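To start, the structure under review is shown below, and the notes come after it.
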There are 2 protein chains.
Amino acid sequence: MKSRNLTLLLDLYELTMANGFFEEVPEKKGYFDLYFRKIPDKGGLVIYAGLAQVIQYLNELQFSDSDIEYLRKMETFSPAFLEYLSNFKFECDVWSVEEGTPVFPNEPLITVRGPLVQAQLLETMLLNIVNHESLIATKARRICMVARGRSVMEFGSRRAQGADAATYGARAAVIGGCSGTANVLSAKLFGLKPLGTMAHSWIQSFSTEREAFLAWMKIYPHNCLLLVDTYDVLNSGVPNAIKIFEQLKKEELYSNIGIRIDSGDITYLTKRARKMLDEAGFKNATITVSNALDEDVIQNVLEEGASIDSFGVGEKLITASSDPVLSGVYKLVATQEDNKIIPKIKLSNTVEKTTIPGFKNLYRLYDKEGEVQGDLLSLYAEKIRGNSRIFNSDPNKTQQKKKMHGLVLKPLLVQIFKQGRLVYKQPKTMEIQETSSQKIGKLPAACLRLKNPDIYDVYWTHQLKELRAKMIDEFSD
Amino acid sequence: MKSRNLTLLLDLYELTMANGFFEEVPEKKGYFDLYFRKIPDKGGLVIYAGLAQVIQYLNELQFSDSDIEYLRKMETFSPAFLEYLSNFKFECDVWSVEEGTPVFPNEPLITVRGPLVQAQLLETMLLNIVNHESLIATKARRICMVARGRSVMEFGSRRAQGADAATYGARAAVIGGCSGTANVLSAKLFGLKPLGTMAHSWIQSFSTEREAFLAWMKIYPHNCLLLVDTYDVLNSGVPNAIKIFEQLKKEELYSNIGIRIDSGDITYLTKRARKMLDEAGFKNATITVSNALDEDVIQNVLEEGASIDSFGVGEKLITASSDPVLSGVYKLVATQEDNKIIPKIKLSNTVEKTTIPGFKNLYRLYDKEGEVQGDLLSLYAEKIRGNSRIFNSDPNKTQQKKKMHGLVLKPLLVQIFKQGRLVYKQPKTMEIQETSSQKIGKLPAACLRLKNPDIYDVYWTHQLKELRAKMIDEFSD
């Protein structure tokens with residue numbers, strides 16, 4: 001997508017605060033963690049996505065003259081601050097988990113370290129991007145899991161919440177496992193497979209269905225996928241399609257043939273259509289369905305014995321309609337002056353909503369067979385050794401301790417920006433899909449379940465656990 | 001927003017069909033209606049929004065060299081068609097309802113007339129824009145209705161589904177009645193009121209809450225809205241805020257003072273905070289709340305007697321999370337060759353899903369007092385007279401006939417593009433908010449109810465009713 005200026009896409013309070021930091025504590029640094037607390041659809045994991053767009057946003061951060069002029073007219077900001085913004089140079093350090101990685105509640109997905117006046121300004125866009133793309137990748141993964149190897153195609157642009165939701169949503173859906181998208185822009189931008197054939201309007205614009213099919217066959221003999229439900233699937237659409245396939249066969253032209261059904265009782269219609277196609281000698285003709293599908297419907301029709309080769313999934317994927325928000329947050333976890341890191345906490349009535357203080361690191365724990373045993377959150381500077389005791393962070397499993405003995409740590413946070421300079425080599429979207437599947441394959445099967453998954457084990461080091469307990473204690477006095 | 005190329009944001013099948021139309025029926029024109037069938041949240045009306053972005057999209061339609069090159073590499077399209085696209089000149093006629101208008105199921109919100117090869121290409125983006133913005137405007141209207149005159153502020157950018165969802169969603173929220181938005185970009189682009197003060201990170205980055213408040217007061221004495229729930233609302237936040245207000249009062253500095261509460265039991269906390277502020281002599285201090293609000297929560301806390309001046313509404317508004325899809329469709333309703341209009345229909349198992357054929361017009365019916373009596377759908381060329389009989393389109397009210405006698409018709413569809421040229425003068429977003437409220441005020445009160453609203457009366461002319469019945473009959477033979 002042609003670059004555009006999203007620098008002002010922030011909440012006003014980030015600017016009023018930044019102005020305040022600039023006036024009061026211009027040298028002070030902050031550490032912010034981006035994380036979520038709850039997995040959508042009561043699922044077992046979230047697929048992290050959006051880093052590529054975060055990088056693009058940070059690379060392009062720049063206040064235009066017209067932005068500065070707009071801010072000046074608000075009569076809220078000091079001239080010196082506006083001058084600073086107009087010469088804005090991004091100086092932060094940024095660490096992030098890699099895209100496609102399965103992640104879990106309260107894990108820092110992004111950590112930003114930098115002048116408070118800068119790090120504060122990133123809040124809205126970092127959250128907007130990561131919340132959106134991770135939500136859709138996660139939903140796509142759920143849908144692809146129940147499709148059991150059948151192709152799932154992203155067809156939702158028309159119902160997406162705006163152009164970006166369509167374009168980046170399609171990208172996220174592919175990261176989550178979709179085989180391609182109908183959105184041509186997204187396919188072009190991210191090297192995805194563009195997919196689709198005809199709508200009802202093609203059929204309607206000819207006098208008869210047969211005439212419309214014939215015209216199509218003439219133009220696309222090698223990719224003849226016919227929409228068969230404009231008038232009557234079994235009495236008109238499929239018989240007419242079969243006649244076309246016979247003609248293609250006679251002319252030795254056909255390679256890719258199939259039908260698409262977009263309405264009605266999917267199980268019944270696909271079973272009958274399959275039988276008709278097979279009996280006519282077209283076992284190779286594929287059947288695609290595409291009507292208000294999600295993981296529940298797909299699971300049901302497959303259990304009922306529907307005969308389907310691929311699914312076109314629209315609004316329920318592209319909006320994650322069953323639970324359309326990933327509630328990621330971006331919280332100050334430490335400040336720094338003169339190289340001294342001071343952990344910060346935000347209290348809350350509930351333990352889960354109280355933040356996890358400090359500049360931290362995050363590891364995935366593998367056993368000797370390479371199977372994942374959980375994650376580990378530590379303070380950044382800590383050395384983890386084989387005899388380190390670690391503690392389950394789940395309040396329902398607080399008694400569960402473990403020793404690190406025999407476990408292999410793999411750090412999940414990778415440095416992306418070093419003092420404002422990009423130091424990360426980005427993989428292609430299709431590579432992310434591939435590595436994501438591999439990473440998911442190493443997880444305990446019980447956390448992959450769509451309904452009532454096991455809660456994945458996230459551990460804390462002793463030092464982190466003690467720091468948080470102490471800080472909660474101090475504030476409760 | 002800086003212009004960007006969204007021309008390829010379409011579903012692949014629109015291009016394969018357009019290529020087909022170009023090859024087979026290059027001269028044939030089509031009429032497409034954009035409409036929806038179901039109102040989200042089982043509400044009584046939808047607030048139409050998005051026309052401004054539709055206009056921008058149509059004005060900027062242009063295939064770049066790199067777009068054409070991408071399409072060429074797909075080896076799907078004829079060279080002549082690609083040549084046509086590279087010289088694409090928009091030639092369609094476009095009619096639309098005006099933004100902010102309350103609209104109802106099956107009413108054409110946009111009608112496009114033009115070469116099939118062009119009109120087909122617009123499907124995805126027109127739907128994407130209108131489905132998204134109308135959804136959010138409709139949700140905002142629901143929320144503003146229960147807020148009963150209190151200010152509702154759009155605070156959801158961080159949870160929106162992408163940057164466009166944040167930016168255009170904020171615009172739509174204001175059309176639906178919100179007083180402003182935290183999104184500075186949206187405020188700048190559309191002349192909205194930018195709103196917001198501080199986050200918890202401001203408080204946390206100082207040693208104490210009091211110190212943070214003092215620093216804030218120093219910078220923003222005239223607009224001192226303090227976030228009071230970082231540690232403890234009633235024992236720390238409000239008492240500290242009162243001390244600040246007292247100091248401002250002593251220095252004769254304050255004009256705009258208030259507190260914001262972002263967690264906890266809203267009813268209890270706002271009642272107590274109000275009492276504390278009043279007793280300290282700060283009846284003018286406003287109370288804003290902002291925690292996971294929607295129309296249900298707002299209605300409940302107001303009924304419980306919460307003391308609130310304004311609401312900051314986030315994720316539940318910006319994603320319309322309770323029902324996050326407006327399922328608008330874009331359907332061929334007629335074709336035209338040699339000036340002859342041929343109505344088209346798409347059948348379905350259910351009467352509601354069968355399309356309404358023909359090039360149509362849409363009117364709002366007013367009685368002599370200026371109160372709205374329903375809408376009327378006719379064929380475009382029809383003359384409506386006082387003795388014209390009209391028929392309720394609701395299948396449950398099919399016996400309900402009416403005479404036009406005494407009713408005044410106001411056409412709802414306005415021409416926007418004439419053979420590709422913009423002929424519509426666009427109102428400002430805040431003007432749309434204003435006229436929208438006026439239009440809603442003329443509707444029957446019973447269709448405004450949030451729960452179990454009355455179904456608004458949409459009538460058809462005799463001629464339209466007969467045409468559809470005849471076409472259904474013909475196809476059923």
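Note that the structure is a prediction, hence the values are computed from the model and not measured. In what follows, every heavy atom counts, from backbone to side chain, and hydrogens, waters and symmetry copies are set aside. Lettering follows sequence order; numbering is per chain, from 1.
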Heavy-atom pairs under 4.5 Å with chain A, option from B/T16, B/L127, B/L15 with the top count: B/T16
Under 4.5 Å from any heavy atom of chain A - which part of B/S66: both
Side chain / backbone / both / neither for B/N131 at chain A, heavy atoms under 4.5 Å: side chain
Shortest non-hydrogen separation from A/R158 to B/D11 and the atoms involved: NH2-OD2, 2.9 Å
Heavy-atom pairs under 4.5 Å with chain A, option from B/K344, B/R159, B/H200 with the top count: B/R159
A/E123 portion near chain B, given a 4.5 angstrom heavy-atom threshold: side chain
Six-ring centre of A/F206, B/K28 cation under 6.0 angstrom, axis tolerance 45°: yes
Residue pair A/K346, B/D229: steps toward the salt bridge (Lys or Arg N to Asp or Glu O under 4.0 Å) verdict: CA-CA 10 Å; A/K346 146 110 182 67; B/D229 71 337; 5.1 Å; no
Whether A/E315 side chain and B/P324 backbone form a donor-acceptor pair below 3.5 Å: no
Largest heavy-atom contact set with chain B, pairs under 4.5 Å, which of A/T181, A/I129, A/D67: A/D67
Aromatic contact, A/F21 with B/W202 (centres under 6.0 Å): yes
Residue part contacting chain B, namely of A/E24, when any heavy atom lies under 4.5 Å: side chain
Rounded distance (nearest 0.5 Å) linking atom OH of B/Y220 with atom CG of A/N19: 3.5 Å
Closest-packed option against chain B by number of heavy-atom pairs under 4.5 Å, given A/S186, A/A320, A/G169, A/A187: A/A187
